[in-house]
Number of protein chains: 2
Amino acid sequence: MARGARATIVDVAEAAGVSRQTVSRAMNDLPGISADTKRRVLDAAQRLAYRPSRFGRGLVTGGERQLGLVVNDLRNPYSPELAATVVRLAADEGWNVMLVDIGLAKDADRLLASLRDQADVVVGYLGERSAGWEDGLGATPLIQLDPGGDTVHASVRLDPTRAVDALAAHLVAHGVRRPLVLDASAQGAPSARGAAIRDALARHGAPAELLHASASTAEHAAAMAAQAVRRASPPDAVVAFNDLMALGVLSACRHAGLDVPRDIRVAGIDGLTIGALVAPTLTTLAVDFDEVARDTLALAAALRDGESPQHRTVAHRLVLRESA
Amino acid sequence: MARGARATIVDVAEAAGVSRQTVSRAMNDLPGISADTKRRVLDAAQRLAYRPSRFGRGLVTGGERQLGLVVNDLRNPYSPELAATVVRLAADEGWNVMLVDIGLAKDADRLLASLRDQADVVVGYLGERSAGWEDGLGATPLIQLDPGGDTVHASVRLDPTRAVDALAAHLVAHGVRRPLVLDASAQGAPSARGAAIRDALARHGAPAELLHASASTAEHAAAMAAQAVRRASPPDAVVAFNDLMALGVLSACRHAGLDVPRDIRVAGIDGLTIGALVAPTLTTLAVDFDEVARDTLALAAALRDGESPQHRTVAHRLVLRESA
DNA sequence: CTGAAAGCGCTTACAG
DNA sequence: CTGAAAGCGCTTACAG
């Protein structure tokens, strides 16, 4: 055994004076080995700090299933809430989860290659990088989470249609007449959900102004909301692209001395846990993370077994709280 | 190639009419292959949906470094904030991160075995499970995050001492006389940080009442705080075991019609991002996640290279905001 | 209860 | 530019 190199099964076999497969028996709690021999082997293993190579073992056993989970920015609580659910359910079904934050990555190419090589199935939000990723992943199966357009890959989509309609009806019923939709999209064009909200409000008789934030952060949203509420004819409701932005809006309203929901109503999208902790608690269109995670794992299992890509859809649910 | 089985390098070689190492050259963008041959190989690979086995490759290349990150409960934002930082910095240094939530796991044994086999180094909060885990991990190196007592493993500790003292001084200077420490610990005995806060307050002339929550959730904290503020002689400050509990306290105060910080001051520990978004913004003892993650990765690299376990300490920092 | 042989899927020298 | 050989570290039958 070379100095500094990791011990292999052969090193342990030599140290214990047995054959390789006897070492394998001892390490894996297999039958057909005397207690005495087993102890001797385990002692030698410990002495050499022996750890079976996951590659050697995986080559013959097939290895464990590894799911590559790609999120956009773990600093938005949406990502960890989803990741938490996926990690929990994945563990129950025997998948390991390799977590990759593509939003913060300096070296996206390396991460991509890493996912391609290390994960059996990749699942995630690719956003506008979809095209490049689809190439970079090669033959590694991909499940797209809420893809913008059509996709040849498996996908789990979110459908806000019904919840958006319910929210619009609720707002209008409570007297909202000048709603502002605080959208977020890199290109400056309305996002799909931004457009859906605007359309629903219009249908219910309260045409909305549409504003675009260049980044979907609380800070951006707070800054834009602070400006909007200072105008001569301020909005009487703000529906934000996501809960994080809605929190920023709440913060701006508070600093502007506005009472929510009396002076202005605020709603977000995502259904983050934190929305129930803030003051006022946040009305939102909630995603059922459990359902998304379950669907995702079902699709992943199918892909891994060589089945063709499937598609699922999860609907948002209107959760009325204090803010709207 | 068997029906349903994954294509191997040999299948591609046969389909393309070349040898295995020519396939390897094509797949890995190595030199010494004609453009024509390469295209033919890549075509065959695509046709067969060929994906190089990470085990076959890892066996000869040594494979990528895999860090097993163990968190206690991803639903507490502390875990994802830490995970986010670790994932980001780990990616920069070429580590993959396998994320495991031990708090939510049904089958901790399987997860442990999985970690032992799949990760090169395991890092995490083991809490009261330390003993069992240390055995279960076998020879896989472990870095304990903020271990309670002494440990033979590498560790990154958090040290609240100075920040706690600064907080106590601040509270007392602002007239606090009847502080309540809302602690959390499974055994009902004061936690290390609970005791540190109590001692610091006593030193500064404001002996505190110590209350134990059985779980460190916002809900538990809210319930206990709601009771405490209803008493004849309510506390004039609450320092919570962590930010999540402090958020629960804020919520309880709000529902009780108390103004924070005028009627009662509230502080937490952790420095969660969300603390800056709530109303009022939360005073806290912040952990520098970047420093923790950097230290962790440094220790992990050392362990992987066979060096002996090291120990680091990261100090909390008092962040004064509106709530105290 | 123990061991000799074969093989998992890949890459790395080395020949040609 | 291409291929035959060896070997990475393990487990799975199969003999004894």
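Residue numbering restarts at 1 for every chain, and letters A, B, ... go by the order of the sequence lines. These numbers come from the heavy atoms of this one structure, side chains and all, not from hydrogens, waters or symmetry mates.
- Along DNA chain C, read 5' to 3', the first and last nucleotides having any atom under 4.0 Å from a heavy atom of chain A are dC1(C) to dG9(C).
- No engagement by Arg54(B) is indicated, since no non-hydrogen atom pair under 4.0 Å with the nucleic acid exists.
- Each of Thr22(B) and Gly56(B) was assigned the nucleotide of DNA chain D with the nearest heavy atom; the assignment lying further toward the 5' end belongs to Thr22(B).
- For the atom pair Glu307(A) CD and Leu299(A) CG, the distance stands at 10.0 Å (nearest 0.5 Å).
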**Asp11(B) vs Arg6(B), salt bridge (Lys or Arg N to Asp or Glu O under 4.0 Å): CA-CA, chis, key distance, verdict** = CA-CA 9 Å; Asp11(B) 299 318; Arg6(B) 234 171 84 167; over 6 Å; no
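- Of the two residues contacting DNA chain D, namely Gly17(B) and Arg57(A), the nearest-nucleotide position lying further toward the 5' end is that of Gly17(B).
- Between Asp117(A) and Arg51(B) there is no salt bridge, since no side-chain N of the basic residue sits under 4.0 Å from a carboxylate O of the acidic one.
- Under the side chain to side chain donor-acceptor pair (under 3.5 Å) rule, Ser155(B) has a single partner from Arg312(B), His311(B), Gln310(B), which is His311(B).
- With hydrogens and angles left out, the side-chain atoms of Asn96(B) and Glu64(B) include a donor and acceptor closer than 3.5 Å.
- Few gaps surround CG on Asn28(A); more than 12 heavy atoms of other groups in view lie less than 6.0 Å from it.
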**Request:** Determine which bases of DNA chain C form Watson-Crick or G-U wobble pairs with both distances under 3.5 Å, and write the result as a 5' to 3' dot-bracket string with | for other-strand partners.
**Result:** |||.||||||||.|||
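- With the nearest nucleotide of DNA chain C identified for both Leu30(B) and Leu59(B), Leu59(B) has the one nearer the 5' end.
- Under the 4.0 Å criterion applied to side-chain N and carboxylate O atoms, Arg75(A) and Asp101(A) are not assigned as salt-bridge partners.
- Atom CG of Leu303(A) is separated from atom CG of Leu142(A) by 8.5 Å, given to the nearest 0.5 angstrom.
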